[in-house]
There are 2 protein chains.
Amino acid sequence: MRTAVQTKEVRDAILDATDMLLARYGYKKMTIDDIANEVGIGKGSVYLHFSSKEEIALSHVDRIIERLCDKLSAIAEQNISTEKRIEKMIVTRVTFRFESVQHYTQSLNDLLSSLRENLLSRRKKYHDAEAKIIASVIKSGQKSGDFRSGNALQLANSFLLATNSLLPFNLSTKELGKREDIEKSARNLTRLLLRGIKK
Amino acid sequence: MRTAVQTKEVRDAILDATDMLLARYGYKKMTIDDIANEVGIGKGSVYLHFSSKEEIALSHVDRIIERLCDKLSAIAEQNISTEKRIEKMIVTRVTFRFESVQHYTQSLNDLLSSLRENLLSRRKKYHDAEAKIIASVIKSGQKSGDFRSGNALQLANSFLLATNSLLPFNLSTKELGKREDIEKSARNLTRLLLRGIKK
DNA sequence: TATTGACCGAAAGCCATTTTTAGTCAAGTC
DNA sequence: GACTTGACTAAAAATGGCTTTCGGTCAATA
């Protein structure tokens, strides 16, 4: 019998292969056979884990965001000032997402145009998930008196919105610029925003 | 002899026609003959004013930004608090650009993908031009003691960067959401940022 | 001197044919 | 019998050869 662990491993292997193949070929050129070969399973088996090619690519993106949210949650727990935590979280959000798709160079556009609609609706979910984590830290900062009062979730949304244009959503990483510059802009902006919520 | 005024008028008429035709057909489907017919001049005459189809479209976008900058400059001169001026400017930037391309619905993507590279380099110029105007108000706010000191141009850049994701650059106006929501987000975010630079 | 539209070559559209590929499922494996 | 597979199919994408369209030019014209 197939155990849950095995299922998860194969699923992850499929997404790993997807990541590699997306970088090499882009979405349109990547075939299910490519994935199956790369993982070393039959094509039919891929469909035991995912219902369509599109779902595979979307799950791949989902996984990136899940990993990001794990990182954010970890930072939220760290034993540093609320202010530093927020800064670290926003900068991490920007740089991690940058790094996650950095190796796609030309093929990012292909992915985005192919999945446009579906990605747009997921974007909102991603945003909400990230906002919740940020909001929890803002709340704790408000409790401790570091931050002025106000709707924490709304403030978190503002932090995310403000740094959204630094994310490689429609612009490829190449078009966005150097990683260091992106990071600098993110840090800079976050500090300005933090000043806006400090007591 | 053709006067400078006549030249300017024809040039503007060409860009007016371009605006209309871009909305109706999109960039790829719009032809130079369409433009010439719409303006009521010969096709060759179009090329007395512009060197290529691409340049026409780019000039059309340039004109939008010029008009925006005029609006921003006008607000910069208004007799209201520096804070209110900044808020008005940022909100105007977002809503004016929204309205300028609102009628393109589906055809915005077409324009963006056709002119991608050229638009990307202009984007920087637009950003700089807008930043200069904002920075002048920040500076005057710093002088009057409303705002804390700091590199005004850099602060202006942060204000723009923060609201960039509200601009219809790669997302169509439809994808961005309702105009009122965009405006609300812009205002909200600007106020937060303003708190960050107030003394 | 200013304007034009006939003209040119390149690019885009078109369509019929071939190839590839997403997704299925009967057969096979352990 | 639970799980995996790759041959199979319908649909989509690529190909190629032909036709039309269109961006850009420039000699003719007003």
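Chain naming here is simple, since letters A, B, ... match the order of the sequence lines and numbering starts at 1 in each.
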Distance in angstrom units between Ile32(A) CD1 and dA12(D) P, rounded = 16 Å
Does Tyr47(A) have Lys53(A) sitting over its ring (NZ/CZ under 6.0 Å from centre, angle to axis within 45°)?
-> no
Below 4.0 angstrom from OP1 or OP2 of dT4(C), is there any side-chain N or O of Lys43(B)?
-> no
When you measure from the centre of the six-membered ring of Phe96(B), is the NZ or CZ of Arg67(B) under 6.0 Å away and within 45° of the axis?
-> no
Rounded to the Å, how far apart are Tyr27(A) OH and dT21(C) P?
-> 13 Å
May I ask you to establish whether Lys178(A) and Phe98(A) are in a cation-pi arrangement, using a distance under 6.0 Å from NZ or CZ to the six-membered ring centre and at most 45° from the ring axis?
-> no
Within this structure, what is the OH-to-C1' distance between Tyr47(A) and dA7(D), rounded to whole angstrom?
-> 15 Å
Partner of Glu183(A) under side chain to side chain contact (heavy atoms under 4.5 Å, CB included), chosen from Thr92(A), Asn188(A), Thr95(A), Val94(A) = Thr95(A)
dA12(C) C1' sits how many Å from Asp110(B) CG, rounded?
-> 14 Å
Lys28(A) atom NZ is separated from dA13(D) atom P, nearest whole Å, by 9 Å
Can you check the Glu9(B) CD to dT3(C) P distance for me, whole Å?
-> 13 Å
Measure the distance from CD1 on Ile35(A) to P on dA22(C) and round it to the nearest whole Å.
-> 8 Å
Test item: side-chain donor near acceptor, Arg123(B) and Asn164(B), under 3.5 Å = no
Report the residue (Ser52(A) or Ser45(B)) whose heavy-atom-nearest nucleotide on DNA chain C is the more 5′ of the two.
-> Ser45(B)
With nearest nucleotides of DNA chain D determined for Gly40(A) and Lys29(A) from heavy-atom distances, which residue corresponds to the more 5′ nucleotide?
-> Gly40(A)
Angle separating the five-pair end axes of the helix from dT1(C)-dA30(D) to dC30(C)-dG1(D), nearest 10°, is 30°
So, Asp19(B) and Tyr104(B): side-chain donor and acceptor under 3.5 Å apart, yes or no?
-> yes
